[in-house]
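Only one structure is covered here, and it is reproduced in the block below.
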Amino acid sequence: MISKRQDVRMCLAVVAPIVVGVLLKFSCRLFMTIQHVYRDGFFNLSPSQRRVGLYSENAFYFSFAEGIANENDLWKGLDTLIHDDRSEAPTTINAWNRFNLVQELIVALVHKWGFSGWDLAVLYAVIVVGLTSVQFVTLTCTAAVAGVGNNRGMWHWIAAAVPMCVCASLLVTHVRPDAVAYTRFFTNFVLRENTAAPFVWLQVASVMAFLRQWDKSAPGCVWGSSVLCLLTWQFAPFLMFVHMVAASGVYAAGFIPTTKVTRLFRVFGAASVCASVIMMGNSMMLLSMATCTALVWEVLTIAEGNRVSTPLGFSHRVLKTLVAIAGGVSVKILLLGRVLGMGSDSHIAGILRAKIDQEYNDFQSLVYLCDGAFQTMPSSMIDGLIATNVLPYAACSALIIALLSLTSIVAAPGPEIMHKYADLAYLLLVTIGFGVLAISIVRLAVLWIPALILQGSLLVSPRMCDVLCDASDWTYDKIIGPTTATPAATRRSDVTHTPSSKGKKGRRATEAHTKLSDVDHVEAKGQWATTVRMVHFLLSLLVLRRVVQAVRPVYAEITTEVAHVGISPSETATLQLTEWLTAHYDDGTIVATDGPLSSHLRCLTKFRIVQHPHAEDYHMRIRHETLYQQYNRVPEEAIRNTLVSHFGAKVLVLSRGPCYLKCRPKTLLWNAFQSPNLESADDMDGYMVEDVANATRSDGTVGTGDPTVARFCEKAIESPQSLKHFTHRTTIGPFTVLDIL
């Protein structure tokens, strides 16, 4: 007899190579397309031109990989991470502790030990495209884990290839740049999100397997995927909090017992501690909102004492869930953030608060909301999700699961149980959580779109067939069965209406007819379930045919010739600026400028910079607030004193873009889908960069702009000869170079 484990191995041996092969073929074709598109814009350009194409933080993180790869001694290269004096001059920081540089370290080691003849930027781009393939495979395998039937038999695993194909097809429809321009899915060679994405969906699959009680290794998979996700993406701690909120909601509904959710929270907490230790005590992971919530949950569980082993009522579970989540958020924001000043990721809560409070306008939220990627989701993206059938399929699947979950809660509101559809309820809540984040911050659609695709693929899965059969059984028992079944009293009267039928023989006949009626009821119920399965099978074929037809034109579009993309005029000016600075200043000179240009200076030169775009660190945000005063109405002498006394800067480079930046108007969460065009803010009634400089800072103070004084950056750019504490050296394109006296 074949065991379930052997069933799984046999099915994976047959199905997995086919699906993975198709996905890899598509990804290789995608890579060829990207290579064709960037034929004159990336792969055949000079090394410096390739690097200037890495925008903002991508160039900043890339510079660490190049620093390790260029060192002959590996240990000396690693030492530059631990003792980094180029990123936040004049201080020396531990970059390994501060930033998530695991993927950059791996890229550098691959280059050093296997591809030293390649330009590192080319290897970097190839690895990013390869990670896209891994993301495809991981997400489709997660669809199989979520969609396999309850008995996990061989044919159920083979049938799970259908949702995998649907998932892959829907993913292909979102490869086009216009569909993902603000999700950073496949554009701009982003290493960070593309490295973390496979682990995000592996984490989802592991938690679902843990809730289905599949295997003893499921908690280990949850722990491993969580650690890898935390190490590769600075936003991962907040994602873990979303997972914990979803698991708490499943617990509050009574689908999992207290011991189950407590164990899951302990696994998440252990993953946070482990990742923090690997990164030499990273406080953003160790003191994250997820860790605080897990700690509060543990305290509440200990306070319950012996009641943990006894079933808890619905109101008790809901109250405990709310107290744990509210307590974790309060500990993080109030105690650690405001009282102890340990608010490394407090800006996330500030941005979300600014989405619901029109009057809340602190410095950090205004800086982020100035970028279109942090605005609320525009209606055009929803239209795209509807046109590609992603949203309709996900909505149908979510509605079925939600109705079944609510029916289970109403039908059995008693003590907590281990519900067989707890994992589907968890996936539904995670999708809703990602959706709230994406609607609030459109950039986070990078999470919501795959989650919708995963949810939509369930519609054609064996699991959904089981869900529909359970729903049909409940419907038959409660509605159809009582109206069609023959009453038992009538059946007994057919046997007992004559005296000769009394006695043992009569009782046996009555029992036989009663059993026969039960058999008839079961057979009728089985026929009803068979009808439901047939209807689901036909609908699955229709859905599969529809999504495959939708893929064809998209696949043809992305594989046809596209006009080449070269470097832009601003990137050309950036190269000219770095060449001029290198020729006129010594290595190690401290240069003050804006964040994106600082990233290119660190990547293309050996200068020391005073700020960078990695704003997840609290101390870096303080630097941003201080340096942002150059865009305010502040006396020239105050700017000079700040640059010299705080940062030891010798050179100031001002960019025309940030100085004259006009920000998009702030949109609240309930005004979502009414966001203006994300491409340009010139014709919008938004706020100016001066308003950001005068906003409330992290320490509670407010920017003090003097209306009688001209804005420093504007004065320095338009009439640099009038400056008394700075010497104008040159102007290259939009950049003005000043020596600090």
Side-chain angles (χ1 to χ4, degrees), residues 51-67 81 84 86-89 91 93 95-101 103-104 124 182 184 187-196 232-236 238 282 284 344-348 350-351 363-375 441 443-444 446 570-571 574 577-578 590-605 607-628 630-631 647 649 653-655 657-659 661 663 689 692-693 698 734-735:
R51 284 155 179 76
V52 80
L54 299 172
Y55 177 71
S56 191
E57 67 266 26
N58 297 323
F60 177 70
Y61 299 132
F62 176 84
S63 66
F64 289 99
E66 192 158 45
L81 295 182
D84 174 29
R86 293 188 54 209
S87 300
E88 297 182 15
T91 60
I93 64 172
W96 179 259
N97 168 266
R98 187 73 65 83
F99 317 122
N100 301 72
L101 297 175
Q103 51 269 53
E104 282 75 18
Y124 177 92
Y182 284 86
R184 312 208 314 179
T187 59
N188 200 22
F189 293 131
V190 180
L191 179 64
R192 194 151 301 257
E193 282 91 335
N194 279 286
T195 304
T232 53
W233 197 11
Q234 64 270 22
F235 190 65
F238 191 80
N282 183 282
M284 187 172 176
S344 293
D345 56 352
S346 59
H347 65 296
I348 299 177
I351 295 172
F363 177 88
Q364 295 300 329
S365 63
L366 289 181
V367 167
Y368 275 96
L369 296 179
C370 188
D371 187 354
F374 289 88
Q375 290 288 345
I441 303 173
R443 177 177 170 179
L444 296 181
V446 69
S570 63
E571 292 170 344
T574 301
L577 173 68
T578 56
I590 300 178
V591 180
T593 185
D594 57 87
L597 183 57
S598 294
S599 299
H600 282 127
L601 290 181
R602 198 188 192 286
C603 181
L604 296 167
T605 70
F607 298 137
R608 301 169 68 189
I609 59 177
V610 300
Q611 68 170 331
H612 50 75
H614 188 96
E616 279 71 23
D617 181 73
Y618 177 78
H619 301 287
M620 190 67 248
R621 295 202 298 273
I622 297 297
R623 286 187 171 229
H624 285 168
E625 295 169 357
T626 303
L627 291 167
Y628 219 82
Q630 61 186 308
Y631 306 124
F647 309 111
V653 180
L654 290 172
S655 303
C659 181
L661 178 65
C663 299
V689 67
V692 180
S698 300
F735 306 113

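Hydrogens, waters and symmetry mates play no part in the numbers below; they use all other heavy atoms, side chains included. Residue numbers start at 1 and run along the sequence shown.
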Check your understanding: Ignoring hydrogens and geometry, is there a side-chain-to-backbone donor-acceptor pair from Gln630 to Leu627 under 3.5 Å?
Key -> yes

**Study point:** All ring-ring contact (aromatic ring centres under 6.0 Å, His included) counterparts of Phe363, not counting sequence neighbours
**Key:** Tyr628

Review point. Heavy atoms, side chains only, cut-off 4.5 Å: are Val610 and Glu88 in contact?
Key: no

Revision key, fill the gap. Taken in chain and number order and not counting sequence neighbours, the residues that satisfy side-chain hydrogen bond (donor to acceptor under 3.5 Å, both in side chains) with Arg608 are none

**Study point:** Residues that Trp233 engages under ring-ring contact (aromatic ring centres under 6.0 Å, His included), provided they are two or more places apart
**Key:** Phe235

Practice item. Flag the pair Tyr631 / Leu661 as yes when at least one side-chain heavy-atom distance between them is below 4.5 Å, and no otherwise. Key: no

Exercise for review: Please say which of Thr578, Val591, Leu577 ends up in a side-chain contact (heavy atoms from CB on, under 4.5 Å) with Thr605.
Suggested key: Thr578

Exercise for review: Please test Ile441 against Tyr368 for side chain to side chain contact (heavy atoms under 4.5 Å, CB included), starting from the C-alpha separation and ending with a verdict.
Suggested key: CA-CA 10 Å; Ile441 303 173; Tyr368 275 96; over 6 Å; no

Check your understanding: In Å and rounded to the nearest 0.5 Å, what is the CZ to SG distance from Phe64 to Cys603?
Key -> 11.0 Å

**Study point:** Contacts of His612 that satisfy ring-ring contact (aromatic ring centres under 6.0 Å, His included) - sequence neighbours left out
**Key:** Phe60, Phe99

**Study point:** Donor + acceptor pair across side chains of Arg602, Ser87 (<3.5 Å)
**Key:** yes

Point to revise | CZ on Arg98 to CD1 on Ile93, rounded to 0.5 Å | key: 4.5 Å

**Study point:** Student check: side-chain heavy atoms of Phe735 and Thr593 closer than 4.5 Å
**Key:** no

**Study point:** Side-chain donor or acceptor of Asn282 paired with backbone N/O of Asn97 under 3.5 Å
**Key:** yes

**Study point:** side-chain hydrogen bond (donor to acceptor under 3.5 Å, both in side chains) partners of Ser655, counting only residues at least two apart
**Key:** Asp594

Check your understanding: Do Ser63 and Ser599 have side-chain heavy atoms sitting under 4.5 Å apart?
Key -> no

Study note, to complete from the structure: Tightest non-hydrogen contact, residues Gly595 and Gln611, listed as N-NE2, 3.8 Å

Check your understanding: Quick one: are Glu571 and Arg51 in side-chain contact, heavy atoms under 4.5 Å?
Key -> no

Practice item. Decide yes or no for Leu101 and Leu81: does some side-chain heavy atom of the first lie under 4.5 Å from some side-chain heavy atom of the second? Key: yes

**Study point:** Non-hydrogen side-chain atoms of Thr195 and Thr232 separated by less than 4.5 Å
**Key:** yes

Review point. Who are the salt bridge (Lys or Arg N to Asp or Glu O under 4.0 Å) partners of Arg86, not counting sequence neighbours?
Key: none

**Study point:** Separation of Phe647 CZ from Ile590 CD1 (nearest 0.5 Å)
**Key:** 10.5 Å

Review point. Roughly how far, to the nearest 0.5 Å, is CG of Leu444 from CD of Glu193?
Key: 9.5 Å

Exercise for review: Check whether any side-chain N or O of Arg192 sits under 3.5 Å from a backbone N or O of Tyr61 as a donor-acceptor pair, and report yes or no.
Suggested key: no

Exercise for review: Apply the side-chain contact (heavy atoms from CB on, under 4.5 Å) test between His614 and each candidate in Glu57, Met620, Gln234; give the one that qualifies.
Suggested key: Gln234

